[in-house]
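What follows is a set of notes on a single structure, which appears directly below.
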Amino acid sequence: MPTLKVTVGERNRLDQRTRSRIKAAQEGQDLEDAQPVLNFESYTELSRLLSPKNLELLEAISDHGPDSIREAAELVDRDYKQVHRNLTELESIGVIEFEGGGSGQAKKPLLTYDGLEIDIPFAGSSDNIGAAAP
């Protein structure tokens, strides 16, 4: 599994990087080394991903490989509904995925990446990334 690079407020730089990579692909260059990137518009959005409860869930999934959301909730000693909401949010941003979940089946949470690499450059940062820090 690759590592997910997480950035804040770097949409313009990422858009430019994407255009460069598209051009390189069109010219036939090998892009196998591409690292997936998740960009947040603000520190507030980033802090939701990096909340202690979400990090605890991700660690429990990594360490114990629970077979269901209920089992994940038991591992972190939290209410099923709260854990379901957190895992659904993590799925929506691509940090986890669910296996199974058909009629009457439990949904097994799986990590999509083997880690998170947080990239927050402070030099030349813009004012539009929000005032709240994680």
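No hydrogens, no waters, no symmetry mates; every other heavy atom, side chains included, goes into these values.
- The side chain to side chain contact (heavy atoms under 4.5 Å, CB included) check on L4 picks up V6, P36, L38, V95, Y113, L116, with sequence neighbours excluded.
- Within a 6.0 Å sphere centred on CG of D79, other residues, nucleotides and ligands contribute more than 12 heavy atoms.
- With sequence neighbours left out, the side chain to side chain contact (heavy atoms under 4.5 Å, CB included) criterion links R78 to K53, E56, L57, V76, Q82, V83, N86.
- Put simply, I96 and I118 are part of the same group of oily side chains (I, L, V, M, F, W, Y) that touch within less than 4.5 Å, one to the next.
- Hydrophobic clustering (ILVMFWY, side-chain heavy atoms < 4.5 Å, transitive): I69 and L110 are in distinct clusters.
- In this structure, NZ on K108 lies 10.0 Å from OG on S68, to the nearest 0.5 angstrom.
- Taking hydrophobic clusters as Ile, Leu, Val, Met, Phe, Trp and Tyr residues chained together by side-chain heavy-atom distances below 4.5 Å, F98 shares a cluster with I93.
- Between A72 and P66 the shortest heavy-atom distance is N-CB, 3.7 Å.
- Each of L87 and L75 belongs to its own hydrophobic cluster when Ile, Leu, Val, Met, Phe, Trp and Tyr are linked at side-chain heavy-atom distances under 4.5 angstrom.
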Item to check | L50 and L46: CA distance, side-chain angles, deciding distance, side chain to side chain contact (heavy atoms under 4.5 Å, CB included) verdict | outcome: CA-CA 6 Å; L50 295 179; L46 174 65; 3.8 Å; yes
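- The backbone N or O of L55 sits nowhere less than 3.5 Å from a side-chain atom of E59 that would complete a donor-acceptor pair.
- Of all the heavy atoms in D119 and K5, the pair that sits closest is OD2-CE, 3.1 Å.
- Side-chain N or O atoms of T88 include one that pairs as donor or acceptor with a backbone N or O of H84 at under 3.5 Å.
- You'll find the side chain of V8 stays beyond 4.5 Å of the side chain of S42, heavy atoms only.
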